[in-house]
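Order of the sequence lines fixes the chain letters, A, B, ..., with proteins taken first and strands second; residue numbering starts at 1 for each chain.
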Amino acid sequence: DAKTTQPPSMDCAEGRAANLPCNHSTISGNEYVYWYRQIHSQGPQYIIHGLKNNETNEMASLIITEDRKSSTLILPHATLRDTAVYYCIVRGNDYKLSFGAGTTVTVRA
Amino acid sequence: EAQVTQNPRYLITVTGKKLTVTCSQNMNHEYMSWYRQDPGLGLRQIYYSMNVEVTDKGDVPEGYKVSRKEKRNFPLILESPSPNQTSLYFCASSFLQGNQPQHFGDGTRLSIL
């Protein structure tokens with residue numbers, strides 16, 4: 001599976017959009033980009049995933065660059081409950097999720 | 001409600017005393033997996049199963065066993081637990097087709113003394 005690179009931490013103001021970058025320059029053509037988050041020591045929570053088109057759901061938007069070497073997760077209106085560690089994962093056909101260190105996002109009032 | 005249920009949520013036990021952590025999902029998922037999470041090491045896959053009676057090793061299988069006799073259940077067995085298996089454990093499941101996401105349980109915190 002392709003490795004991903006994320007900034008270790010970022011702050012965001014409550015009510016503002018949070019833009020979380022992820023680099024995955026070695027991604028293969030059939031590998032999907034998944035985003036999960038983990039609040040404290042709870043189970044990782046699925047957010048969104050995509051292959052090459054931009055995706056949006058009730059939680060977030062995912063923007064994937066045309067060359068697929070990077071992506072951005074957008075939380076449109078961050079709340080205090082969005083404070084968590086966010087993981088960008090590239091998953092291949094083996095279904096294994098390889099979690100890196102993620103980005104610790106702190107939403108401040 | 002669709003969910004992955006792990007039991008127990010917390011367990012403190014002693015070295016060598018066999019234990020089983022249960023995992024059950026009600027979504028008819030074919031794929032199930034166990035991960036452990038340790039500080040500084042992230043989540044690492046222990047074992048996974050593609051369907052009933054089909055299991056395989058992940059990245060850190062030593063000291064663990066699994067079974068998949070029914071589609072909904074995927075227990076993790078520690079035959080002779082040791083202190084280095086003290087960790088936070090997560091079970092996950094998903095459909096095999098369509099790149100569907102994995103759904104995780106709430107976790108089991110094991111302490112082996």
Side-chain angles (χ1 to χ4, degrees), chain A residues 1-9 22 24 27-53 55-60 62 64 68 71 73 84-104, chain B residues 2-7 9-10 21 23 25 27 29-51 54-61 74 86-111:
Chain A
D1 293 345
K3 290 188 181 296
T4 62
T5 303
Q6 300 177 250
S9 64
C22 179
H24 31 78
I27 192 170
S28 300
N30 62 345
E31 291 179 320
Y32 280 69
V33 179
Y34 290 78
W35 283 84
Y36 283 79
R37 72 181 183 184
Q38 187 174 24
I39 300 172
H40 295 299
S41 294
Q42 297 176 20
Q45 178 188 21
Y46 164 75
I47 302 172
I48 199 168
H49 74 286
L51 182 63
K52 55 184 178 182
N53 297 321
E55 302 288 344
T56 295
N57 63 20
E58 65 279 4
M59 290 183 67
L62 174 61
I64 302 174
R68 303 210 322 124
S71 60
L73 178 74
V85 179
Y86 287 76
Y87 298 98
C88 169
I89 300 165
V90 172
R91 200 200 80 179
N93 292 330
D94 62 357
Y95 300 94
K96 182 176 72 175
L97 297 176
S98 296
F99 288 80
T103 296
T104 299
Chain B
Q3 57 186 2
V4 179
T5 304
Q6 296 179 224
N7 280 297
R9 294 290 315 281
Y10 304 91
V21 184
C23 174
Q25 50 91 7
M27 296 168 278
H29 287 163
E30 299 92 358
Y31 182 86
M32 297 187 74
S33 180
W34 276 102
Y35 296 82
R36 62 177 287 175
Q37 185 172 27
D38 303 288
L41 297 176
L43 280 91
R44 296 175 292 168
Q45 190 182 55
I46 304 171
Y47 267 95
Y48 65 94
S49 170
M50 304 289 268
N51 216 323
V54 181
T55 64
D56 210 343
K57 298 177 180 178
D59 296 323
V60 288
F74 190 46
T86 292
S87 187
L88 179 58
Y89 292 85
F90 292 104
C91 180
S93 71
S94 73
F95 291 114
L96 280 178
Q97 293 181 342
N99 288 288
Q100 292 300 303
Q102 291 179 29
H103 298 273
F104 284 77
D106 290 333
T108 296
R109 188 171 291 281
L110 287 183
S111 294

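For a residue to count as touching a neighbouring chain, one of its non-hydrogen atoms must lie under 4.5 Å from one of that chain's; by this rule B:Gln45 touches chain A with the side chain only. Interface remark: B:Tyr48 contributes no atoms to any contact with chain A (heavy atom separation under 4.5 Å). Heavy-atom distances place no part of B:Arg44 under 4.5 Å from chain A, backbone and side chain included. For A:Tyr34, the part lying near chain B is the side chain, with the backbone staying farther off; criterion is any non-hydrogen pair under 4.5 Å. Contact annotation for B:Gln37: only side-chain heavy atoms (C-beta onward) come within less than 4.5 Å of a heavy atom of chain A. Residue B:Leu41: no heavy atom, backbone or side chain, is found under 4.5 Å from chain A. Heavy atoms closer than 4.5 Å to chain B are found nowhere in A:Gln45, neither backbone nor side chain.
Rounded to the nearest 0.5 Å, atoms CZ (B:Phe104) and CG (A:Leu97) are 5.0 Å apart. Taking CZ of A:Arg91 as the start and CD of B:Gln102 as the end, the distance is 6.5 Å to the nearest 0.5 Å.
Heavy-atom minimum distance, B:Phe90 versus A:Ser41: CZ-O, 3.5 Å.
You'll find the side chain of A:Tyr95 stays beyond 4.5 Å of the side chain of B:Glu30, heavy atoms only.
By number of non-hydrogen pairs under 4.5 angstrom with chain A, the leading residue of B:Asp59, B:Leu43, B:Val4, B:Leu88 is B:Leu43.
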